[in-house]
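Encoded as C-alpha cells, the structure appears first; notes follow it.
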Number of protein chains: 2
Amino acid sequence: MDRPDLPLNALRVFEVIMRQGSFTKAAAELRVTQAAVSHQIARLEDSLGVTLFLRSPQGVIPTDEGRLLFPVLEHGFDAIARVLDRLDRRRDIEILSIGVNTTFALGWLMPRLDAFHAAHPEIDLRISTHNNRVEILREGLDMAIRFGIGGWTNHEMIPLLEAPLAPLCAAAMAARLRDPADLQHMPLLRSYRSAEWPGWFGAAQTPCPPIKGAIFDSSLALAELAAAGAGVALLPVVMFDRHISQGQLVQPFATTVFAGRYYLAWRSDRVSTKAMNNFSRWIVAQCRQNQAPTV
Amino acid sequence: MDRPDLPLNALRVFEVIMRQGSFTKAAAELRVTQAAVSHQIARLEDSLGVTLFLRSPQGVIPTDEGRLLFPVLEHGFDAIARVLDRLDRRRDIEILSIGVNTTFALGWLMPRLDAFHAAHPEIDLRISTHNNRVEILREGLDMAIRFGIGGWTNHEMIPLLEAPLAPLCAAAMAARLRDPADLQHMPLLRSYRSAEWPGWFGAAQTPCPPIKGAIFDSSLALAELAAAGAGVALLPVVMFDRHISQGQLVQPFATTVFAGRYYLAWRSDRVSTKAMNNFSRWIVAQCRQNQAPTV
DNA sequence: TCCATCGCATTACCTCAGCTAATGACGAAT
DNA sequence: ATTCGTCATTAGCTGAGGTAATGCGATGGA
C-alpha cells in the first residue's frame, strides 16, 4: 500500500483523547500541556480537512469521522505495544502474549490465572480475547487458544479440551422440559455455526425444528440470554460450570454433541521461548486434570 | 493496555527498511539521508536492548526479533493509512476500502474491475484480501466480502452468489474418474472446513472415505495443488471458471454441495457513503447477471 | 593486488516541529 | 454574578531528528 506520511504522533494524541474524553486529561496522560494537545489536533484536523471533535465545556465529543478512526488506531497501537513488550530483553520477567477465545478465557482460564501466576511468577501473561478469529502474526501474539477441529495452516496445535455442546437454559424453563422433543416448541438461541442445533437433535434422535431469530457470534451473549430466560442455548458445558453450580443455568438433558475442541496454537515458523514452553506445559497439565474451577 | 511511549517514527523507519532491504533505500523512500535512518535504528535498538538487523555490505538482514516485529507494524500502519485515506475529504474521488475473500477477489472480482472503474470512475477502490477472517472495524474497511451462511452480528449483509462446491482436478486425473466411487481411492485435498467432503459424498450418495493429509486455509492453494495433479479438491466452481475454460482444471462430476455463499457486508452502525451504495448496487447487479468473467 | 564501488557508522552541527507559559473566551452550575 | 472547567490562541523556546562530510569494511572486476 502506498502510504502518505502518517502523522503518527498526532494520531497517538487523538487516540488518547478518545479514551480520556477530554484534551486536558489526555494532556495529563501524555505528560504534556493542554496546549500541546490542542495544537496537535488542530493540525491533524487541518491536514485531514475533517473535524474530529465537537468541543464542549464538559469535554469533547467525537464526530462520526472520529469514531471511524478510533478502533483502527486503538487496535494498531495495542498490537505494536504488545510486540515491543516482547522484544524488550531488558526486563527480567518474560512476557507472554496470548489471544484467547472469549468463552475459554472467561469460562476456564480466568478462574485458573492465580494458579498460573503462582506456578510461574516470572511470566507476565498478556491476554487478549477474540471470538475465534485471530491471527497470531498480525496481532503480535505468541500463542492463541481457539475452538475448532484442528487444521490451521502454518501452526502447531495441541488439543486442550473436548467441549461437547448441550442445551443450557434458566431453571424456570428447564422445569418445563421433560423430553428433547419439548425443545421443539421453545425458542432456540442460535450461534454463528448453524449446524449445531441439527447436530444435537440428531444425537438426541429427535427431529430438529427450524431455527429462527437473531444470531450471536459469542457464546457469552447466548449464555446471558439463556440465563435471562430468553430461550435455550447450545453451549460448551465445561465453560459454564460456574453458571451451572450457581443455578443461573441448568442442563436439562445429558445428550451432548461434538462440535470441536479447544486448541493451543502457535506459528510453526517461530522458535518457542521458554515462556511459551512453560505455559504450554502448564495448560496441558491443567486440562488433563479436567477439574472444576477452583473458585 | 498499558502502553509505553511508542517510538512510532522510529518504528516507521524500521518498517520501511524491512520492505526495502537496506538503510540507503529506506532513506530514499523516506526522503531523508541515510544517516538519519542509521540514527533512528541505532536509537531504537538501544532503547529495546535488542539487535534488529545484521549489517552486511550487501544491505541488512533482519534478526529473529526484527522478523517478529515486522508483520505487526506493516499491518497496523496499513490499516491506519487506509482509514486516514477515507477521512481525507479534500479528495474529489471517493475512496472505498473493501476486504475481499481471496478466492472471490481473484476468481470473480478481479476480472470485473475494469468494468467497475468504467462505471464508477469517481470511486477509488482499495482491496485487501483475507481468507474469510476479517474485521471491518479494526482493519479500517468500509465493507467486506466473505463466504459463509450469513449471520454476522452487527453487520448488514447482502447475499451475492451461491457458490456450490464440486470436485475439481487436473485433466489427467479426471480421465480416470468414471463414477463418484472412484474418488475413494484418490488423494482428496482438504480445506479448512472438514465437513465439506462428507457433505459432497452425501450429495453423491456414495460413502465417504477417510480424508487425510495436510490442510490448507485457502481455496487458491487447493486449486494450485489440484491443477498440479496432486489430488482432487472440493472447490466453489464459479470461482474457477477461468481455470476450467483454460483446461487447467476439470470438473469430473456434476454433483455439487451447498456450503455457503458469498456476502457483501458492512457495519450496521455506520452511515453508508455514496461510494458504498454505488458499489453495493453495482456488485449485486453483476452477480444477478451471473455471467462468466469477461476475460 | 589494487582500486572503485557500495554498504552502514560516526561526528559535528543545524533547524523546525512540537513544546511551554500565559492569557482569553465561552458555557454550565450555583 | 461568580466560579469553575473547558478548549483556543499567541509568542517564544528547545531538543529530537535532521544534514553534510567523512570513515571504515567488504566485495568484486581489472
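Naming: A, B, ... by sequence-line order, numbering from 1 per chain.
- Remark: B:E29 engages B:R19 in a salt bridge, criterion side-chain N to carboxylate O under 4.0 Å.
- Atom-to-atom, CD1 of B:I61 to C1' of D:dA26 comes out at 13 Å; the value is rounded to the nearest Å.
- Taking atom CD of A:E45 as the reference point, atom C1' of D:dA8 lies 12 Å away to the nearest angstrom.
- When the P atom of D:dG25 is taken as reference, atom CG of B:L54 falls 19 Å away, rounded to whole Å.
- Salt-bridge check for A:R55 with A:E45: passed, with a basic side-chain N closer than 4.0 Å to an acidic carboxylate O.
- Taking atom CG on B:L30 and atom C1' on D:dA16, their separation rounds to 16 Å, with Å as the unit.
- Contact check on A:D64 versus A:R67 returns a salt bridge, with a Lys/Arg side-chain nitrogen under 4.0 Å from an Asp/Glu carboxylate oxygen.
- Note on B:R43: a side-chain N or O is less than 4.0 Å away from OP1 or OP2 of D:dG17.
- In this structure, A:T33 and B:S38 both approach DNA chain C, and ranking their closest nucleotides by distance from the 5' end singles out B:S38.
- For A:E139 and B:H75, the side-chain atoms include no donor-acceptor pair closer than 3.5 Å.
- Looking only at distances, a side-chain donor or acceptor of B:R86 sits under 3.5 Å from a matching main-chain atom of B:G140.
- Taking for each of A:N9 and A:S22 the nucleotide of DNA chain D with the nearest heavy atom, the 5'-most of the two is the partner of A:S22.
- Between the CG atom of B:D46 and the C1' atom of D:dA16 there is a distance of 15 Å, given to the nearest Å.
- Taking atom CD of A:Q34 as the reference point, atom P of D:dT6 lies 10 Å away to the nearest angstrom.
- The side chain of B:Q40 has D:dG18 as its nearest neighbour among D:dA20, D:dG18, D:dT6.
- When heavy atoms are screened at a 4.0 angstrom cut-off, A:V37 is found touching no nucleic acid atom at all.
- Between the side chain of B:T63 and the backbone N or O of B:T51 there is at least one donor-acceptor pair closer than 3.5 Å.
- Between B:D142 and B:R270, at least one side-chain nitrogen of the basic residue sits less than 4.0 Å from a carboxylate oxygen of the acidic one, meeting the salt-bridge criterion.
- In this structure, CZ of B:R31 is placed 12 Å from P of D:dT19, rounded to the nearest angstrom.
- Rounded to a whole Å, the CD atom of A:Q20 is 15 Å from the C1' atom of D:dT6.
- A nucleotide of DNA chain C counts as in contact with chain B when one of its atoms lies under 4.0 Å from a heavy atom; the first and last such, 5' to 3', are C:dG7 to C:dA12.
- Under the 3.5 Å distance criterion, the side-chain polar atoms of A:H155 are left unmatched by any main-chain donor or acceptor of A:L264.
- Rounded to 10°, the helix from C:dT1-D:dA30 to C:dT30-D:dA1 has 30° between the axis fitted to its first five pairs and the one fitted to its last five.
- Between the side chain of A:R82 and the main chain of A:R126, no donor-acceptor pair closer than 3.5 Å is present.
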